[in-house]
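Throughout, protein chains are lettered first and strands after them, A, B, ... in sequence-line order, and every chain is numbered starting at 1.
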There are 2 protein chains.
Amino acid sequence: MSSLDHVFHALSDPTRRALLARLVEGEATVAELLQPFEISQPSISRHLKVLEDAGLISTRISGNARPRRIEPAAFEAISDWLEQYRMIWSENYARLDDVLETMKTKEPKT
Amino acid sequence: MSSLDHVFHALSDPTRRALLARLVEGEATVAELLQPFEISQPSISRHLKVLEDAGLISTRISGNARPRRIEPAAFEAISDWLEQYRMIWSENYARLDDVLETMKTKEPKT
DNA sequence: TATTAATATAACTATTTAGCTATATAGTCA
DNA sequence: TGACTATATAGCTAAATAGTTATATTAATA
């Protein structure tokens with residue numbers, strides 16, 4: 001059973017996607033993640049468990065709190081999966097090499 | 001309710017992902033799509049409906065048959081969504097928390 | 001027109017899920 | 001230690017889902 005099952009299932013819920021969107025700004029505790037929502041703390045904890053089981057986030061122990069953070073690898077897995085379909089919508093399908101070339105020469109960091 | 005709900009839900013099933021993988025090679029009828037699987041024809045038809053409701057595929061009428069094809073726009077939507085996380089894993093950004101440390105201690109690749 | 005072929009729909013069952021409230025666990029602090 | 005804080009877990013309910021078989025629909029063909 002592919003882990004993509006869990007990844008895509010986790011992403012199918014808007015609350016969970018919102019949690020990820022918050023976590024992309026940095027680590028956050030359950031209390032912090034809970035705040036913008038109207039749902040209960042146990043529900044948030046369960047959503048976080050689904051995200052963690054999917055490998056999308058991880059938990060760190062910090063005294064009383066359990067801050068969560070994004071796990072990059074899972075997103076990379078999605079990107080890899082999506083790659084096999086990129087040719088389908090890319091306008092540059094016929095010139096895929098050009099696309100790759102463009103990616104190589106993208107702006108260098110300062 | 002975002003359509004990404006439906007898209008990610010559709011993708012969470014391995015049978016449906018396999019159907020998409022077949023369709024990336026080109027249009028196929030239900031009978032053709034059914035063949036590699038051990039599940040019933042109605043099940044496949046329902047999976048196809050889920051994929052179509054998500055906008056991932058579309059149906060054409062051809063006499064008796066209803067060949068399905070990939071719909072590129074939905075994949076583009078996934079790619080767009082994923083884009084907001086790309087910084088997380090691309091280049092040296094293995095982990096957002098480590099960005100500053102990394103930039104201090106590591107020479108960016110040329 | 002009657003038959004066959006391709007596909008969809010209905011009706012049922014078992015499983016999963018998202019929400020809730022109540023409670024348990026574990027760390028911090030006075 | 002006792003109170004408080006942060007979070008997890010248990011147990012419940014309602015809704016959704018994936019599978020099944022049986023049947024309906026529609027086009028092609030003899």
Side-chain angles (χ1 to χ4, degrees), chain A residues 1-23 26-71 74, chain B residues 1-23 26-71 74:
Chain A
M1 167 175 35
S2 162
S3 170
L4 281 178
D5 288 26
H6 298 102
V7 169
F8 284 129
H9 167 68
L11 296 177
S12 72
D13 183 278
T15 299
R16 287 192 291 260
R17 289 200 305 280
L19 290 168
L20 289 176
R22 166 64 185 77
L23 287 172
E27 235 183 32
T29 65
V30 173
E32 288 164 348
L33 291 167
L34 171 63
Q35 193 221 320
F37 296 97
E38 307 236 315
I39 66 184
S40 65
Q41 172 264 311
S43 289
I44 292 291
S45 282
R46 202 122 70 108
H47 280 309
L48 291 171
K49 189 173 193 323
V50 172
L51 288 168
E52 183 157 9
D53 288 347
L56 288 157
I57 65 174
S58 61
T59 304
R60 186 169 67 86
I61 296 183
S62 172
N64 225 2
R66 305 290 145 95
R68 305 314 212 277
R69 66 161 54 144
I70 292 262
E71 276 298 317
Chain B
M1 168 176 35
S2 162
S3 169
L4 280 178
D5 289 26
H6 298 102
V7 169
F8 285 129
H9 168 68
L11 295 177
S12 72
D13 183 278
T15 299
R16 288 193 289 261
R17 290 200 306 279
L19 290 168
L20 289 176
R22 166 64 185 78
L23 287 172
E27 234 183 31
T29 66
V30 173
E32 287 164 349
L33 292 167
L34 171 63
Q35 193 222 320
F37 296 98
E38 308 235 315
I39 67 183
S40 66
Q41 172 264 311
S43 289
I44 292 291
S45 281
R46 250 227 291 211
H47 281 308
L48 292 170
K49 189 172 193 324
V50 172
L51 289 168
E52 183 157 9
D53 288 347
L56 289 157
I57 66 173
S58 61
T59 304
R60 186 170 66 85
I61 297 184
S62 172
N64 226 1
R66 306 288 145 97
R68 304 313 211 276
R69 67 159 60 128
I70 293 261
E71 276 298 317

Q: What distance separates A:Asp53 CG from A:His9 NE2, expressed to the nearest 0.5 Å?
A: 9.5 Å
Q: In Å and rounded to the nearest 0.5 Å, what is the CG to CG distance from B:Leu33 to B:Leu48?
A: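 Those atoms lie 6.0 Å apart.
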Q: Say you draw a straight line from CG of A:Leu11 to NE2 of A:His6; how long is it, rounded to the nearest 0.5 Å?
A: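 Rounded to the nearest 0.5 Å, the CG-NE2 separation comes out at 12.5 Å.
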Q: So, taking the atom named CD1 in B:Ile57 and the one named NE2 in B:His47, what distance separates them when rounded to the nearest 0.5 Å?
A: 11.5 Å
Q: Just the rounded figure in Å: distance from P of C:dA6 to CZ of B:Arg68.
A: 14 Å
Q: Without decimals, in angstroms, what is the distance between B:Glu52 CD and C:dA8 C1'?
A: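 Those two atoms, CD and C1', are 12 Å apart.
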Q: Start with the C-alpha distance between B:Leu51 and B:Glu71, add both sets of side-chain angles, then the distance that settles side chain to side chain contact (heavy atoms under 4.5 Å, CB included), and finish with yes or no.
A: CA-CA 10 Å; B:Leu51 289 168; B:Glu71 276 298 317; over 6 Å; no
Q: Report the distance from atom CD of B:Gln35 to atom C1' of C:dT7, rounded to the nearest whole Å.
A: 17 Å
Q: Between B:His9 and D:dA18, is there a contact of a side-chain N or O with OP1 or OP2 at under 4.0 Å?
A: yes
Q: Please name the residue in the list B:Arg66, B:Glu52, B:Lys49 that meets the side-chain hydrogen bond (donor to acceptor under 3.5 Å, both in side chains) test with B:Thr59.
A: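 Result: among B:Arg66, B:Glu52, B:Lys49, B:Glu52 is the only option passing the side-chain hydrogen bond (donor to acceptor under 3.5 Å, both in side chains) with B:Thr59.
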Q: Side-chain N or O of B:Ser45 less than 4.0 angstrom from OP1 or OP2 on C:dA8?
A: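 For B:Ser45, the contact criterion (side-chain N or O under 4.0 Å from OP1 or OP2 of C:dA8) is met.
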Q: Can you check the A:Arg60 CZ to D:dA6 P distance for me, whole Å?
A: 16 Å
Q: How many angstroms lie between atom CD of A:Gln35 and atom OG1 of A:Thr29, to the nearest 0.5 angstrom?
A: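 Here the rounded value is 10.0 Å.
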Q: Under a 4.5 Å cut-off applied to non-hydrogen side-chain atoms, are A:Pro67 and A:Ser62 in contact?
A: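 Sidechains of A:Ser62 and A:Pro67: in contact.
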Q: Going by heavy atoms in the side chains, are A:Arg68 and A:Val30 under 4.5 Å from each other?
A: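 Touching, per the 4.5 Å side-chain cut-off.
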Q: Could you give the CD1-to-C1' distance, from A:Ile61 to D:dA8, as a whole number of Å?
A: 12 Å
Q: Take atom CZ of B:Phe37 and atom P of D:dA18, then tell me their distance rounded to the nearest Å.
A: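 Distance, rounded to whole Å: 14 Å.
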Q: Tell me, for nucleotides 24-30 of chain D in 5' to 3' order, what letter each nucleotide earns: B for a base near a protein heavy atom under 4.0 Å, S for only sugar-phosphate near one, - for neither?
A: --BBS--
Q: Just the rounded figure in Å: distance from P of C:dT7 to CD1 of B:Ile57.
A: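 Going from CD1 in B:Ile57 over to P in C:dT7 covers 12 Å.
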Q: Give the rounded distance in Å between these two atoms: CZ of B:Arg17 and C1' of D:dA18.
A: 15 Å
Q: Restricting to nitrogen or oxygen on both sides, can you table the protein-nucleotides 19-22 of chain D pairs closer than 3.5 Å?
A:
unit_1	atom_1	unit_2	atom_2	d
D:dG19	OP2	B:His47	NE2	2.2
D:dG19	N7	B:Arg46	NH2	2.8
D:dG19	O6	B:Arg46	NH2	2.6
D:dT20	OP2	B:Ser40	N	3.1
D:dT20	OP2	B:Ser40	OG	2.7
D:dT20	OP2	B:Ser43	OG	2.7

